[in-house]
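First the proteins, then the strands, lettered A, B, ... as listed; each starts at 1.
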Amino acid sequence: MKKLPFSFYRHDDILGIARALMGKLLVTVNGQSVCSGRIVELEAYAGETDKASHAWNGRRTQRNEVMYGAGGSAYVYLCYGIHHLFNVVTGSADQPHAVLIRALEPVKGIAIMEKRMKRKADHTITRGPGNLSKAMGIDLRQNGISLRSETLYVADDGFVFPDQLISLSPRIGVDYAGEDAKRLYRFYIKGNPFVSGKPR
DNA sequence: CAGTGGATCGTCT
DNA sequence: GACGATCCACTGG
């Protein structure tokens with residue numbers, strides 16, 4: 001079980017990185033509490049040329065500043081005033097690519113997740129970007145930190161999903177993005193109950 | 001089931 | 001002052 005090296009993130013093949021992140025482990029550590037989950041759904045956001053991205057057309061604000069740093073850090077922001085959405089920043093410096101993590105299959109720390117969610121674990125406990133952040137204890141405090149931190153990291157335990165299990169679709173909730181909304185930038189595991197949306 | 005609307009607040013105009 | 005890379009409860013069929 002190894003933390004991914006920065007070289008994993010710091011190049012501009014955003015779709016290649018997205019594909020490679022499928023099946024990796026997201027880990028959070030809070031004191032004695034360790035939680036981890038396997039990535040089963042995500043979306044790529046292709047920087048300045050992608051209308052669905054916060055960095056579209058070179059948009060650069062206090063909020064999305066971390067996207068413009070070199071890959072390998074966390075971009076967390078608040079959505080609808082309620083949900084924290086967790087992104088993996090990728091690309092070389094000034095190349096504001098990111099991958100939104102949308103669903104995990106819980107691996108460790110399920111009792112801790114239940115406590116955070118105030119309910120019993122089921123297939124929805126880490127389903128959807130808002131839910132997984134809450135279950136994993138991710139919020140704005142993690143914005144900008146390294147993905148090789150003690151308290152937050154992405155790891156490879158050798159597990160790989162075969163290509164035949166991976167499906168592509170348009171991204172969720174980006175209808176405003178015109179032609180870019182049609183891009184097949186969402187990756188998910190076929191039939192996995194932790195994947196958001198309707199089964200397909 | 002599908003469709004609708006409320007929650008709730010940091011961020012940008 | 002408006003709105004969002006969401007979620008869930010609630011409605012009606």
Sugar-phosphate only, base, or nothing, as touched by A:N87 at under 4.0 Å among non-hydrogen atoms: base

Please list every donor-acceptor pair under 3.5 Å in which a side-chain atom of residues 98-109 of chain A meets a protein atom from a residue at least two apart or in another chain.
| residue | atom | partner | partner atom | Å |
| --- | --- | --- | --- | --- |
| A:R102 | NE | A:E41 | OE2 | 2.9 |
| A:R102 | NH2 | A:S196 | OG | 3.2 |
| A:E105 | OE1 | A:N192 | ND2 | 2.8 |

Members sharing A:W56's hydrophobic cluster (side chains within less than 4.5 Å): none

Sidechain N-carboxylate O distance under 4.0 Å for A:E65, A:R60: yes

Heavy-atom donor-acceptor pair, A:S133 side chain to A:G130 backbone, under 3.5 Å: no

Outermost DNA chain C nucleotides near chain A [under 4.0 Å, heavy atoms]: C:dG4 to C:dC8

Between B:dG10 (C1') and A:L85 (CG): distance, integer Å: 13 Å

Separation of A:N30 CG from A:L152 CG (nearest 0.5 Å): 11.0 Å

Polar side chain donor-acceptor pair, A:R141 to A:T151, under 3.5 angstrom: no

What protein N or O atoms touch nucleotides 1-9 of chain B N or O atoms at under 3.5 angstrom, if any, and at what distances?
| residue | atom | partner | partner atom | Å |
| --- | --- | --- | --- | --- |
| B:dT8 | O2 | A:Y80 | O | 2.3 |

Secondary-structure notation, DNA chain B, from Watson-Crick and G-U pairs under 3.5 angstrom (| other strand): |||||||.||||.

Joint cluster assignment, A:Y45 & A:L147, ILVMFWY side-chain distance < 4.5 Å: no

N/O donor-acceptor pairs under 3.5 Å from side chains in residues 4-28 of chain A, not counting sequence neighbours:
| residue | atom | partner | partner atom | Å |
| --- | --- | --- | --- | --- |
| A:R10 | NE | A:G71 | O | 2.8 |
| A:R10 | NH2 | A:G71 | O | 3.4 |
| A:H11 | ND1 | A:D13 | N | 3.2 |
| A:H11 | NE2 | A:F8 | O | 3.4 |
| A:D12 | OD1 | A:S92 | N | 3.2 |
| A:D12 | OD1 | A:S92 | OG | 3.4 |
| A:D13 | OD1 | A:G16 | N | 3.0 |
| A:R19 | NE | A:D163 | OD1 | 3.1 |
| A:R19 | NH2 | A:F161 | O | 2.8 |
| A:R19 | NH2 | A:D163 | OD1 | 2.7 |
| A:K24 | NZ | A:A20 | O | 2.8 |
| A:T28 | OG1 | A:M136 | O | 2.9 |

Partner of A:D50 under salt bridge (charged side-chain N to carboxylate O under 4.0 Å, His left out), chosen from A:R171, A:R59, A:R183, A:K182: A:R171

Sugar-phosphate, base or nothing in reach of A:R63, heavy atoms under 4.0 Å: sugar-phosphate

OG on A:S169 to OH on A:Y185, rounded to 0.5 Å: 13.0 Å

Touch class at under 4.0 angstrom, heavy-atom based, for A:R60 against every strand present: nothing

Approximate separation, where rounding is to 0.5 Å, of A:L85 CG and A:C79 SG: 5.0 Å

Sugar-phosphate, base or nothing in reach of A:R119, heavy atoms under 4.0 Å: sugar-phosphate

